[in-house]
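Data block below; observations after.
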2 protein chains.
Amino acid sequence: MKKPTIKDVAKLAGVSFKTVSRVVNQEPNVSESVKEKVLESIKQLNYQPNHTARVMRKAPFSLAFVYDNPNSHYVIEMQNGIISECRKKGFELVIHPTDSHSDEVGNELAAMIGSNQIGGIILTPPLSENKELVTFLLSRDAKVVRILSGEQPPDKLAPVLHVDDVDAGFKMTQYLLELGHRDIAFLGFHASHESSLGRVRGFKKAHELAGLSFDKNFIIDGEFTFESGMDMAKQVLAMPKRPSAIFACNDEIAAGAVFMARLNDLKVPEDISIIGFENSPFATQTWPHLTTIDQPNFDIAATAAAMVIEMMKSNDVHVVDSKGFSLEVVIRDSACKPSL
Amino acid sequence: MKKPTIKDVAKLAGVSFKTVSRVVNQEPNVSESVKEKVLESIKQLNYQPNHTARVMRKAPFSLAFVYDNPNSHYVIEMQNGIISECRKKGFELVIHPTDSHSDEVGNELAAMIGSNQIGGIILTPPLSENKELVTFLLSRDAKVVRILSGEQPPDKLAPVLHVDDVDAGFKMTQYLLELGHRDIAFLGFHASHESSLGRVRGFKKAHELAGLSFDKNFIIDGEFTFESGMDMAKQVLAMPKRPSAIFACNDEIAAGAVFMARLNDLKVPEDISIIGFENSPFATQTWPHLTTIDQPNFDIAATAAAMVIEMMKSNDVHVVDSKGFSLEVVIRDSACKPSL
DNA sequence: AAGAGCATTGACAACGTTGACACAAGTAAA
DNA sequence: TTTACTTGTGTCAACGTTGTCAATGCTCTT
């Protein structure tokens with residue numbers, strides 16, 4: 001049995017296929033009686049408008065989510081956020097994992113735009129930091145939304161969802177300072193990592209504002225991994241003046257640090273407070289549960305999707321404004337007042 | 001500047017647009033000289049065939065990956081496997097997260113099939129176990145491939161990729177028995193979870209084959225989470241006759257068990273061996289690194305994708321056969337010979 | 001040299017939809 | 001009563017491809 005087309009419905013309802021099209025698209029100027037008849041026929045034949053033909057006459061109903069991120073939790077949260085918005089609006093999501101070190105991304109995306117497969121693109125770091133890429137995509141008529149770390153959008157090229165890492169780092173540090181900690185180690189400094197830079201900046205800012213100095217040796221370089229977290233914690237715990245708290249740049253580092261603390265017979269948080277960043281599953285899969293910063297990835301992604309869809313619908317880049325997201329401290333069990 | 005169409009290319013090259021179509025589709029019977037001219041024009045105009053129009057005349061070039069799984073690592077690995085295959089074959093992936101408890105899945109997918117958005121579907125557990133759903137989708141002309149746990153495909157409805165959990169459970173248990181363990185606890189029995197059932201079956205089989213009995217009290221019910229792992233380990237460690245090894249049904253459980261062992265001042269693996277299952281990032285993000293079973297999710301997914309694509313291309317369900325995957329033990333540092 | 005056969009190319013319809021426009025009938029304004 | 005506008009409906013072209021078939025010209029038989 002072939003799939004029914006609009007013409008089959010029209011024949012059954014005894015009207016022209018254009019009238020059926022009108023009913024399907026909820027256009028005005030269809031009499032109640034006819035509309036009813038048509039809807040009846042649609043149900044009877046189980047008719048589904050052909051999405052492809054539709055796209056051909058209108059614009060693409062798909063957007064691409066481009067990522068280059070080893071953190072599957074992050075990707076899935078973003079992805080789910082985008083999808084939830086797409087479902088609401090009747091759009092489709094095409095995912096595009098990539099390697100940001102490859103020059104191919106731009107061309108691949110351009111090809112998808114050019115072939116009408118997608119109309120919009122959501123870019124995450126570090127791709128979203130690549131100004132050339134954005135400009136190139138824009139020149140190809142893509143609607144682009146970027147998710148970036150930073151207090152403010154860096155330019156006016158395309159709308160940006162900026163996540164305020166400085167503020168988050170500031171809040172978290174302030175929380176630790178208020179608990180009474182004075183010697184806080186920062187684990188996970190990474191010069192080429194925007195988020196890391198923002199978080200240290202907030203870390204410093206909080207100290208300055210409180211009129212406190214901090215030991216530069218307490219800022220440790222490292223990767224965003226469990227193992228690097230163990231290494232960095234090892235360094236820090238071996239120092240003559242051991243910190244009373246550890247600010248880990250993400251939850252994996254924090255989990256590694258917690259583990260290393262235990263290996264050194266230190267209880268968390270009684271002997272040493274350790275906080276994370278991201279509120280990933282890790283945060284509740286380690287013991288104690290991590291006090292951390294919640295990054296509302298799902299919401300950010302959903303907002304980004306809503307923006308691109310808006311831009312695609314109105315065919316205008318300037319229909320939406322950039323938007324900032326501030327992150328909040330989630331208090332759990334891995335930090336407390338320092339022991340005297 | 002509008003996107004160039006096949007007709008623009010034809011005009012520039014001074015041939016009919018049908019000839020251009022032939023060149024683009026690499027059809028035979030085009031003279032070298034003409035082909036060259038056309039390719040030149042294509043490059044000059046930066047022409048991209050309109051994917052949508054193409055789909056309308058042929059069949060859909062998209063397949064759906066349907067999942068209902070809280071494990072983001074699993075989802076991402078599958079997803080990446082499918083995409084890698086899609087890229088090679090010029091297909092597109094549409095992801096469809098869902099709630100298997102909802103009755104909507106079938107209708108949603110049927111709508112996507114009906115509207116020509118997708119042609120094939122890859123189903124993962126527990127959705128793939130739902131025979132009604134499969135039958136329904138098949139009746140809607142979908143090409144379906146299922147990924148299931150089990151030694152053999154349960155029916156001939158649609159091709160199945162079956163992962164042999166019994167064999168894997170068997171191998172892992174055998175490994176522990178060969179190390180010399182005689183009291184092994186099984187953490188994570190779950191009556192409605194096919195994989196879990198298979199793994200226990202292998203666990204029992206290995207004992208039987210070795211002519212050994214096992215303590216039924218050592219088979220503990222629980223969820224596939226870190227916290228449940230802690231709970232179950234707690235139960236088992238409190239038993240009068242403490243096991244010398246723990247068979248955890250997945251890596252999260254194992255990580256929870258490792259943690260609980262440490263809380264009880266037991267060294268892993270010296271005092272107690274703990275093995276995982278799945279070889280997720282968890283396995284190397286806990287200390288010691290977990291001896292576990294590797295599940296080649298990426299390969300399984302890629303194979304599944306290749307199958308669906310084959311079925312879509314030839315428009316025949318019987319063009320591919322079901323396929324079994326056997327899993328292998330990955331030896332790391334969390335299991336050793338029992339102390340005497 | 002003439003017909004058969006093949007390689008090359010083009011004209012045209014078709015896919016299933018939407019948009020532009022036409023037309024008939026009904027309704028309000030003159 | 002005529003005019004003009006509104007409402008409901010239909011006809012047809014168009015979107016950018018691919019499939020069908022016909023036309024051309026060439027080579028190969030005999």
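These numbers were taken from a predicted model, which means no experiment stands behind them. First the proteins, then the strands, lettered A, B, ... as listed; each starts at 1.
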Within the structure shown, what part of the strands sits under 4.0 Å from [X] by heavy-atom distance: base, sugar-phosphate, or nothing?
{"X": "Val15(B)", "answer": "sugar-phosphate"}
{"X": "Pro49(B)", "answer": "sugar-phosphate"}
{"X": "Asn25(B)", "answer": "sugar-phosphate"}
{"X": "Val24(A)", "answer": "nothing"}
{"X": "Asn50(A)", "answer": "sugar-phosphate"}
{"X": "Val30(B)", "answer": "sugar-phosphate"}

Side-chain donor or acceptor of [X] paired with backbone N/O of [Y] under 3.5 Å:
{"X": "Ser128(B)", "Y": "Ile147(B)", "result": "yes"}
{"X": "Asp8(A)", "Y": "Thr5(A)", "result": "yes"}
{"X": "Thr124(B)", "Y": "Val66(B)", "result": "yes"}

Atom of Gly120(A), atom of Val308(A) and distance for their closest heavy-atom approach |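 Minimum heavy-atom separation between Gly120(A) and Val308(A): CA-CG1, 3.5 Å.
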Kindly give the heavy-atom pair with the smallest separation between Gly119(A) and Met312(A), and that separation in Å.
->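 Here Gly119(A) and Met312(A) meet closest at CA-CE, 3.7 Å.
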Look at Lys313(A) together with Glu310(A) and state whether they make a salt bridge at an N to O cut-off of under 4.0 Å.
->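 Judged by the 4.0 Å cut-off on N to carboxylate O distance, Lys313(A) and Glu310(A) do not form a salt bridge.
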Can we say Lys37(A) and Glu40(A) salt-bridge, meaning some charged N sits less than 4.0 Å from an Asp/Glu carboxylate O?
->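 No.
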Write down the distance between [atom1] ([X]) and [atom2] ([N]), rounded to a whole number of angstrom.
{"X": "Gln117(B)", "N": "dT17(C)", "atom1": "CD", "atom2": "P", "answer": "13 Å"}
{"X": "Phe17(A)", "N": "dT18(C)", "atom1": "CZ", "atom2": "C1'", "answer": "9 Å"}
{"X": "Glu27(B)", "N": "dT8(C)", "atom1": "CD", "atom2": "P", "answer": "13 Å"}
{"X": "Lys35(B)", "N": "dA7(C)", "atom1": "NZ", "atom2": "C1'", "answer": "13 Å"}
{"X": "Asn29(A)", "N": "dA25(C)", "atom1": "CG", "atom2": "C1'", "answer": "14 Å"}

Find which nucleotide of DNA chain C each of Ala53(A) and Arg22(B) is nearest to by heavy atoms, and output the residue with the more 5' nucleotide.
->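 So the residue in question is Arg22(B).
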Using heavy atoms to find the nearest nucleotide of DNA chain C for Arg57(B) and Ser21(A) separately, return the residue whose nucleotide is more 5′.
->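 Residue closer to the 5' terminus by nearest nucleotide: Arg57(B).
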For His51(B) and Asn116(A), run side chain to side chain contact (heavy atoms under 4.5 Å, CB included): C-alpha distance rounded to whole Å, both residues' side-chain angles, the deciding distance at 0.1 Å, then the answer.
-> CA-CA 6 Å; His51(B) 186 255; Asn116(A) 238 35; 5.7 Å; no
For the helix from dA1(C)-dT30(D) to dA30(C)-dT1(D), measure the angle between the helix axis at one end and the axis at the other, each built from five pairs, rounding to 10°.
->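 The angle separating the two end axes equals 50°.
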Along DNA chain D, 5' to 3', what are the outermost nucleotides having an atom less than 4.0 Å from a heavy atom of chain B?
->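 Contacts span dG16(D) to dG19(D), reading 5' to 3'.
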Pick out which of Leu45(B), Val38(B), Ile42(B) makes a side chain to side chain contact (heavy atoms under 4.5 Å, CB included) with Leu12(B).
->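 Among Leu45(B), Val38(B), Ile42(B), the one that satisfies the side chain to side chain contact (heavy atoms under 4.5 Å, CB included) with Leu12(B) is Leu45(B).
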Does Thr19(B) make a side-chain N or O approach to OP1 or OP2 of dG10(C) shorter than 4.0 Å?
->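 Looking at the OP1 and OP2 atoms of dG10(C), one of them is under 4.0 Å from a side-chain N or O of Thr19(B).
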